[in-house]
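Accompanying notes for the structure given below.
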Amino acid sequence: MNTKSIKRHILRAAAVTLPLCGMTYLSSCEDLMTVDTGDKAYVNAQDTLYSYLGIMRAMQDVAERQVILGEIRGDLVSSTDYTTDTLFAISNFDDPQDKTCSMLQVSDYYNVINNCNFYIANADTAAIKSNIKYMVPEYAQVKAVRAWAYLQLVKNYKEVPYITQPVTDLGVIEHFDMSNTVNKDNLIDKIIEDGILQFLDTPYPQYGSSTSNWGIFNNGNVDFSAKMFFMPIRVILGDLYLLRGASTADYEQAANYYYDYLKKEDVPIVQDYTVALQGRNGSYAYSSVGWGSYANKYAGSNEVISLIPGSANAGFGKMLTRVADIFGYTPSSSQSSSNKTETDANGNVSNSTDANGNETFEASGAISVTRTYKRQYAPSCAFDDVFNQQTYVQYSQLTSSKLSVSYYKNCDGRRYWSQEDYKYEGEGYPLCSKAARGSAFYYSIPTYRKTLIWLRLAEAINRAGYPEFAFAILKDGINQYTLPQIVTRVRYEDKLDENGQPIPIWNADQTEILGYEQVEIPYRELDYGSYGAMYYVTDTLRLQAFNAKFNFTDEVWNSTYGIHARGCGMISENGNWTSANEDEISTSISGYRDSIYYDYENLLTAKGVDLAKATESDIINAVENIIVDELALETAFEGNRFTDLVRIAEHKNASGFDGTDWLARKIANRGTKAATEEAAAVEGFDAALYAKLKDTKRWYFSLPKE
């Protein structure tokens with residue numbers, strides 16, 4: 001393919017280059033802008049905005065497949081009678097070849113990379129305006145986008161050619177020049193050699209006149225903050241180290257990058273859904289009923305921190321509708337126009353006119369969806385199962401200092417945000433509803449959001465050797481008040497040897513046996529005024545070692561609370577639902593506070609760990625499985641599931657557990673669901689799929705054959 005002769009449309013000027021902050025136009029062009037991806041692409045790279053938006057346009061070509069490929073190969077969705085043959089071949093791991101469908105076009109990833117290569121090769125980073133090297137912020141972002149693109153390629157294709165010079169013929173990737181390739185083991189080294197570390201603290205580009213909002217872009221229907229178009233470099237580096245996972249040092253590096261990002265970028269608060277998801281068409285990037293809404297114009301406390309935008313109508317640019325479509329939401333678009341208006345110095349509004357006195361008009365568009373039972377993929381039985389395994393805890397205020405607590409089995413509130421129940425002719429058809437819901441459509445594909453970063457931080461901390469601290473992130477949040485406490489492990493009467501004596505348990509560092517005495521630790525809901533996570537314990541050396549690497553005692557972390565509480569912990573006060581981290585009552589509720597069901601030792605036991613005999617590796621493996629469940633509860637249908645499972649399976653393999661069998665069974669059990677009080681068990685183990693996935697080559701797509 002000779003890319004020199006191909007024009008790649010950017011988003012239409014009316015869609016992406018409308019007024020910044022309502023003040024100035026970037027372009028008055030009403031035609032589709034184009035960027036030549038050949039050798040003349042960025043000769044005039046001083047025009048930085050068009051260059052970066054050209055790259056963003058190329059990103060649109062891979063945005064939806066990231067979601068679709070990441071979910072249909074995982075365990076949380078199942079195919080239906082309406083699944084196309086090409087998508088079924090992918091989700092059934094039939095080794096489909098590149099170019100057999102639009103989902104399998106590795107060249108689209110390299111088009112993103114090649115656009116980045118042209119920019120990097122031609123951008124004048126020494127250019128100065130107002131004593132500032134004004135191109136450096138955008139240059140840094142182009143480096144970040146290229147690193148992100150290679151990360152996706154390695155996750156999907158395992159090993160790929162590494163190209164950092166602009167090429168005029170992307171056919172180079174089809175000639176299998178494998179003399180310089182990247183995989184999970186060397187990609188982080190290549191990215192660092194490329195010099196990305198020098199841009200860790202480079203500010204994001206400013207496209208607007210205000211330093212507080214980075215510039216506002218409109219897609220014909222909704223506004224996006226320019227900040228949301230940018231990739232967080234520290235998070236990408238964390239992902240790269242976590243992907244490699246070759247040593248404890250890799251996990252510590254990954255954790256440090258996630259930790260630094262959360263702290264430096266002023267996003268430590270893990271908001272609950274009643275806060276983070278409010279306003280379907282309001283000011284929050286994370287919609288009240290979907291994960292692909294748009295950005296808060298000032299992007300200060302958003303759940304979504306990075307996204308790829310889509311247009312509201314084909315006339316405005318590329319619409320990102322395919323995710324919604326395969327999950328059961330048929331899209332349709334509309335377009336309208338209205339008089340442009342202007343406001344004079346006295347605040348009077350009148351219709352705008354051009355130089356000839358003619359009234360001017362501006363176009364707008366909208367996408368709506370209709371639900372259909374003919375969805376290609378639906379929530380799987382395994383999706384139901386992980387939600388049915390949860391217990392919802394409700395606290396109701398009785399007095400100013402006393403609460404009552406109720407437990408509801410088979411319940412997690414996040415099911416509502418992931419799944420919409422749709423009925424057609426009396427029969428139920430559950431829909432995956434992160435990209436659309438009802439008649440509402442969401443116009444972007446998020447690449448990173450806050451809670452996902454927290455969950456990856458937990459994954460990294462766990463693998464670095466601190467499982468109790470990783471669990472703290474899930475249960476109570478992690479700050480100076482909720483760090484695992486130095487207490488003797490609880491002794492239960494049923495943990496006795498054959499002579500009726502308590503079974504000794506080794507200390508966490510395996511240096512001594514804990515005492516035999518029975519120790520009663522009051523659960524926190526019986527001691528409302530005190531802090532301290534009594535559900536998981538540690539010893540002095542481990543606490544000191546952890547605090548030396550990750551300092552969560554700063555006040556910036558104090559407002560965090562447990563991720564699991566987002567779905568399984570709420571307070572009902574005078575009939576009004578509020579989040580479980582509210583301090584409106586004197587009892588200082590914090591986190592999930594359930595020591596019966598969501599308890600460290602109870603959950604480890606449920607994962608098959610014998611606490612009397614468990615090694616540290618056993619506990620780390622079990623906590624990792626708890627994190628896998630939380631990833632399902634929190635991030636279902638967002639595109640990460642399969643590559644998350646592959647990464648974790650490979651970490652299990654490296655640590656002496658059979659990760660290959662674990663992944664194969666997990667996906668082969670898509671159609672399996674345990675019994676609940678309301679429904680019988682569903683047996684749906686797919687032995688043929690299990691056999692395929694025992695071959696790790698099936699986990700990755702194949703590069704084009706010559």
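Hydrogens, waters and symmetry mates are skipped; everything else that's a heavy atom, side chains included, is used.
Counting only distance, with no hydrogens or angles, the side chain of Ser444 and the backbone of Pro309 share no donor-acceptor pair below 3.5 Å. A side-chain donor-acceptor contact under 3.5 Å links Tyr52 to the backbone of Phe229. The closest donor-acceptor contact from the side chain of Thr676 to the backbone of Ala679 lies under 3.5 Å.
A side-chain N or O of Asp94 and one of Asn92 form a donor-acceptor pair less than 3.5 Å apart. Side-chain N/O atoms of Tyr157 and Gln152 include no donor and acceptor closer than 3.5 Å.
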Check residues 321-334 and write down every donor-acceptor pair under 3.5 Å in which the side-chain atom is one partner and the other belongs to a residue at least two apart or another chain.
| residue | atom | partner | partner atom | Å |
| --- | --- | --- | --- | --- |
| Arg322 | NH1 | Ser102 | OG | 2.5 |
| Tyr329 | OH | Glu420 | OE1 | 2.6 |
| Ser332 | OG | Ser368 | OG | 3.4 |

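In this structure, the salt bridge (Lys or Arg N to Asp or Glu O under 4.0 Å) partners of Arg641, at least two apart in sequence or on a different chain, are Asp75. With sequence neighbours excluded, the residues that form a side chain to side chain donor-acceptor pair (under 3.5 Å) with Thr672 are Asn669. By the ring-ring contact (aromatic ring centres under 6.0 Å, His included) test, Tyr377 pairs with no residue at all, sequence neighbours left out. Residues meeting the side chain to side chain donor-acceptor pair (under 3.5 Å) test with Asn313, sequence neighbours left out: none.
Asp61 and Arg65 are not joined by a salt bridge, as no carboxylate oxygen comes within less than 4.0 angstrom of a charged side-chain nitrogen. Ion pairing between Arg449 and Glu634 holds under the 4.0 Å rule for side-chain N and carboxylate O. Salt bridge annotation for Lys692-Asp95: absent, with no cationic side-chain nitrogen under 4.0 angstrom from a carboxylate oxygen. Under a 4.0 Å N-O distance rule, the pair Glu64/Lys318 does not qualify as a salt bridge. Salt bridge annotation for Asp384-Lys673: present, with a cationic side-chain nitrogen under 4.0 angstrom from a carboxylate oxygen. Salt-bridge formation is not detected for the pair Asp686/Arg670: no Lys NZ or Arg NE/NH1/NH2 atom is positioned less than 4.0 Å from an Asp or Glu carboxylate oxygen.
Ring geometry for Phe383 versus Phe387: interplanar angle of 30 to 60°, hence tilted.
Among pairs with a residue in residues 77-89, none fulfils salt bridge (charged side-chain N to carboxylate O under 4.0 Å, His left out), at least two apart in sequence or across chains.
The distance from atom CH2 of Trp454 to atom CD of Glu630, rounded to the nearest 0.5 Å, is 13.5 Å.
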